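Here is the structure we will look at.
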Amino acid sequence: MTTKPIIPESTHSAERAGGHWILARLGKKVLRPGGRETTQFLLENLSLTGATVVEFAPGLGVTARDILGKGPARYIGVDSDADACANVRAILPAGPHEVRNTNATDTGLESDSFDVVIGEAMLTMQTDKHKLELMREAARILKPGGLYGIHELSLVPDNVSTAVKEDIAKALARSIKVNARPITVPEWAALAREAGFDVINIRQADMALLSLKRNLKDEGLKGVFTIVRNVISQPDLRKRVLGMRKTFTEHKDHLGAVGIILQKRAQ
Ligand SMILES: C[S@@+](CC[C@H](N)C(=O)[O-])C[C@H]1O[C@@H](n2cnc3c(N)ncnc32)[C@H](O)[C@@H]1O
């Protein structure tokens, strides 16, 4: 299962593409703010073996591989990007598994029928209204008592001012080219409750997507070497990644990462 990700330059150009695609083109595989350790927290707390699992926004399929490695009864990936879907389809083993190229607000899946939904680094990049819509779709397709694991950017501290919030949203839109609107951990929890979930477990981590230490952990020495070589040899991508790094550094005191395990309330 070592299929190379398909990241076409035409649809993910250096100037306009969302930051996650820039990082993917540079060879970065772990595109989540809390790194592999936060993903691990989700995987350990979601009881995936033998479960029916839906992944929102599998992207490059890194977590999809981990989920499939746990032996779910059924895996369904849902991503709005056709290239992402092609990547994940390429790693599906034989069985009742599939990938749907659609917005996760409207999966077309049956209500009350899945054990687990997992989604990483995809809610933050939506407006608060869309965040809620996506969480409600997760609640709709889960069985009562089913688990939903999210892994997202957070704002710290919990009482961060509206001015700082707006400032960060603007800076992220400029550098990542995605209208990312991170919220505080209590705000994530409130949104989840509104969508029909109870909060079961929370793990907070540093937002260290571009730190050397985190990348050595997440990508390994060989992976970091590949990324650095690509950064040096591709000036258009370098410009974008340095812009992102500057934004993350400027706002480091207010950016965090969070993994949350949610459980669908029985009606
Ligand atoms: C930052 S990547 C995260 C990918 C993966 N979850 C990971 O952690 O590596 C964002 C992915 O979310 C997908 N995405 C964003 N919004 C979506 C939505 N509303 N429905 C389905 N996929 C979405 C994008 O197409 C992209 O593949």
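Indexing begins at 1, ligand by ligand and atom by atom, following the structure's order. Heavy-atom basis, side chains included; hydrogens, waters and symmetry copies ignored. Residue numbers start at 1 and run along the sequence shown. Computed from a predicted model, the values in this text were never measured in an experiment.
- Take Arg32 and apply the side chain to side chain contact (heavy atoms under 4.5 Å, CB included) test, not counting sequence neighbours, and it matches Val30, Thr39, Val62, Thr63, Glu120, Ala121, His151.
- A donor-acceptor pair is defined here as one N or O able to donate and one able to accept, closer than 3.5 Å; such a pair exists between the side chain of Arg140 and the backbone of Leu109.
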Passes side-chain hydrogen bond (donor to acceptor under 3.5 Å, both in side chains), Asp115 versus Thr52? Steps please.
CA-CA 5 Å; Asp115 299 310; Thr52 48; 3.0 Å; yes
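- For the pair Val54/Val116, no side-chain contact is recorded, criterion being any heavy-atom separation below 4.5 Å from C-beta on.
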Need the list: ligand 1 N/O atoms against protein N/O atoms, distance under 3.5 Å, rounded to one decimal.
{"unit_1": "ligand 1", "atom_1": "6 (N)", "unit_2": "Ala57", "atom_2": "O", "d": "2.7"}
{"unit_1": "ligand 1", "atom_1": "6 (N)", "unit_2": "Glu120", "atom_2": "O", "d": "2.9"}
{"unit_1": "ligand 1", "atom_1": "8 (O)", "unit_2": "Arg32", "atom_2": "NE", "d": "3.0"}
{"unit_1": "ligand 1", "atom_1": "9 (O)", "unit_2": "Arg32", "atom_2": "NE", "d": "3.4"}
{"unit_1": "ligand 1", "atom_1": "16 (N)", "unit_2": "Gln126", "atom_2": "NE2", "d": "3.0"}
{"unit_1": "ligand 1", "atom_1": "19 (N)", "unit_2": "Asn103", "atom_2": "OD1", "d": "3.0"}
{"unit_1": "ligand 1", "atom_1": "20 (N)", "unit_2": "Ala104", "atom_2": "N", "d": "2.9"}
{"unit_1": "ligand 1", "atom_1": "22 (N)", "unit_2": "Ser80", "atom_2": "N", "d": "3.1"}
{"unit_1": "ligand 1", "atom_1": "22 (N)", "unit_2": "Ser80", "atom_2": "OG", "d": "3.3"}
{"unit_1": "ligand 1", "atom_1": "25 (O)", "unit_2": "Asp79", "atom_2": "OD1", "d": "2.5"}
{"unit_1": "ligand 1", "atom_1": "27 (O)", "unit_2": "Asp79", "atom_2": "OD1", "d": "3.2"}
{"unit_1": "ligand 1", "atom_1": "27 (O)", "unit_2": "Asp79", "atom_2": "OD2", "d": "2.8"}

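- With contacts defined as side-chain heavy-atom distances shorter than 4.5 Å, the pair Leu262/Val199 qualifies.
- Side-chain contact between Thr247 and Leu172 is present, with at least one heavy-atom pair separated by less than 4.5 Å.
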